[in-house]
Protein chains: 2
Amino acid sequence: MEQSKQEILEADGWKIGTVADFLDLTPEESALIEIKLALSQNLRVRREKQMTQAELAKKIQSSQPRIAKAEGGDQSVSLDLLMRAMLATGATPKEIGKVIANVELI
Amino acid sequence: MEQSKQEILEADGWKIGTVADFLDLTPEESALIEIKLALSQNLRVRREKQMTQAELAKKIQSSQPRIAKAEGGDQSVSLDLLMRAMLATGATPKEIGKVIANVELI
DNA sequence: TGTTCTCATATCAAAAATGATATAAAATTC
DNA sequence: GAATTTTATATCATTTTTGATATGAGAACA
């Protein structure tokens with residue numbers, strides 16, 4: 001489970017090559033990554049129930065490839081874009097807060 | 001109360017000139033601003049109890065002026081920087097989630 | 001099988017955000 | 001009330017993030 005999580009992070013370009021590198025992250029750095037991943041995963045679930053990536057992109061003046069990156073947990077996607085996307089799926093601050101609050105510290 | 005909130009937003013460079021303009025924001029745009037403001041205000045409270053802006057800046061490889069902007073709710077500060085700063089004050093995902101969850105929709 | 005729809009990946013110029021620096025203003029301490 | 005510390009504001013070159021575009025991969029379905 002931890003292994004697969006690391007694989008996901010590596011594939012998405014996070015600065016993690018080995019488990020040692022992973023452990024070199026400060027708790028704060030890890031927490032930020034976890035928060036972003038939680039949001040991106042939640043975004044995909046919410047979006048899939050309602051629309052295509054292209055439709056969501058249009059709603060927030062973005063592009064389909066960028067939504068794909070957001071949902072894929074890509075490193076190049078900011079929290080701001082994730083938040084805009086979440087809100088565009090109808091997520092309320094309460095719901096978003098819950099997603100973040102449920103992030104487990106490593 | 002609403003008036004003063006608008007004044008704050010204007011002073012910080014948000015694209016809000018009049019109440020009409022303010023009402024032109026989509027609910028999603030408003031929510032994003034509210035979330036950022038809630039975080040910046042909470043950041044100031046947390047940081048003041050523990051350290052100076054310069055000290056916090058050093059912790060996250062930022063600069064004192066940027067922390068000032070973050071706490072001041074400046075438009076040019078990303079959610080990512082706000083989040084990094086919050087985490088550096090020891091805020092947990094649970095606490096951060098609570099701050100966001102408590103944001104009232106307009 | 002071929003067509004259509006949806007999502008993923010790559011590239012890139014433009015825009016936004018960044019840290020650094022200088023310095024002013026304000027608050028705190030002496 | 002002077003000195004010191006802390007915070008705010010302004011500018012700027014660099015980096016990061018962005019939307020756009022092109023295109024590939026895959027699934028769904030005819």
Side-chain angles (χ1 to χ4, degrees), chain A residues 7-16 25-26 28-29 32-33 35-37 39-89, chain B residues 7-16 25-26 28-29 32-33 35-37 39-89:
Chain A
E7 285 169 358
I8 291 173
L9 291 173
E10 289 177 9
D12 288 334
W14 298 97
K15 60 160 179 175
I16 299 172
L25 291 179
T26 66
E28 292 79 18
E29 289 172 328
L32 183 57
I33 292 176
I35 288 171
K36 284 190 170 190
L37 284 179
L39 288 172
S40 62
Q41 287 164 11
N42 196 270
L43 173 63
R44 168 153 282 159
V45 171
R46 294 185 57 88
R47 193 270 310 164
E48 280 179 341
K49 290 179 188 165
Q50 307 177 27
M51 57 193 131
T52 66
Q53 291 182 345
E55 287 167 341
L56 176 55
K58 188 168 188 180
K59 276 193 173 223
I60 60 174
Q61 285 98 247
S62 183
S63 59
Q64 177 270 320
R66 190 135 288 273
I67 301 298
K69 284 189 183 299
E71 293 182 354
D74 191 281
Q75 194 185 20
S76 77
V77 175
S78 72
L79 264 177
D80 297 68
L81 185 61
L82 282 169
M83 198 67 79
R84 283 201 284 139
M86 285 288 286
L87 292 168
T89 66
Chain B
E7 285 169 357
I8 292 173
L9 291 172
E10 289 177 9
D12 289 334
W14 298 97
K15 62 161 180 175
I16 300 171
L25 292 178
T26 67
E28 292 78 18
E29 289 172 328
L32 182 57
I33 292 177
I35 287 171
K36 283 190 172 193
L37 284 180
L39 288 172
S40 61
Q41 288 164 10
N42 195 272
L43 172 63
R44 167 153 284 161
V45 170
R46 294 186 55 88
R47 193 270 311 164
E48 281 180 340
K49 290 180 189 166
Q50 307 177 28
M51 57 193 132
T52 67
Q53 291 182 344
E55 287 167 341
L56 175 54
K58 188 168 189 181
K59 276 193 174 224
I60 61 175
Q61 285 99 249
S62 183
S63 59
Q64 176 269 321
R66 190 135 289 274
I67 301 298
K69 285 188 182 301
E71 292 182 354
D74 191 282
Q75 194 184 19
S76 77
V77 174
S78 72
L79 265 177
D80 297 68
L81 184 62
L82 282 169
M83 199 66 80
R84 283 200 286 138
M86 285 289 286
L87 291 168
T89 67

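Below, each value reflects all heavy atoms present in this structure, side chains not excepted, and no hydrogens, waters or symmetry copies. Numbered from 1 within each chain, the chains take letters A, B, ... in sequence-line order.
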Trainee: Tell me the interatomic distance from B:K69, atom NZ, to D:dT9, atom C1', rounded to whole angstroms.
Mentor: 6 Å
Trainee: Does the distance from a Lys or Arg side-chain N to an Asp or Glu carboxylate O, for B:R84 and A:E28, drop under 4.0 Å?
Mentor: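 Salt bridge between B:R84 and A:E28, a charged N being under 4.0 Å from a carboxylate O: no.
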Trainee: Below 4.0 angstrom from OP1 or OP2 of C:dA17, is there any side-chain N or O of A:S78?
Mentor: no
Trainee: Given atom CG of B:D80 and atom P of D:dT15, what is their separation to the nearest angstrom?
Mentor: 19 Å
Trainee: Please give, in whole Å, the distance from D:dT5 P to B:I67 CD1?
Mentor: 21 Å
Trainee: Atom CD of A:E48 to atom C1' of C:dA8: distance rounded to whole Å?
Mentor: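 Spelled out: CD on A:E48 to C1' on C:dA8 is 14 Å.
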Trainee: In whole angstrom, what separates B:K58's NZ from D:dT7's P?
Mentor: 16 Å
Trainee: So if I define the base as every atom that isn't primed, P, OP1 or OP2, how would nucleotides 25-30 of chain D read as a B/S/- string at a heavy-atom cutoff under 4.0 Å?
Mentor: ------
Trainee: From C:dA8, C:dT18, D:dT7, pick the nucleotide closest to the side chain of B:V77?
Mentor: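 The answer is C:dT18.
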Trainee: Rounded to the Å, how far apart are A:D74 CG and C:dA8 C1'?
Mentor: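 Roughly 11 Å, once rounded to whole Å.
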Trainee: Check nucleotides 19-26 of chain C for protein N or O atoms closer than 3.5 Å to its own N or O atoms and list the pairs.
Mentor:
unit_1	atom_1	unit_2	atom_2	d
C:dG19	OP1	B:Q61	O	3.3
C:dG19	OP1	B:R84	NH2	3.0
C:dG19	OP2	B:S62	OG	2.9
C:dG19	N7	B:R66	NE	3.3
C:dA20	OP2	B:S62	O	3.3

Trainee: Just report the end-to-end axis angle for the helix from C:dT1-D:dA30 to C:dC30-D:dG1, five pairs per end, to 10 degrees.
Mentor: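 Between the first-five-pair axis and the last-five-pair axis there is 50°.
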Trainee: Please report, rounded to the nearest Å, how far the P atom of C:dA8 is from the CD atom of A:E71.
Mentor: 7 Å
Trainee: In whole Å, what is the span from the CD atom of A:Q75 to the P atom of D:dT17?
Mentor: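 Rounded to the whole Å, the gap is 7 Å.
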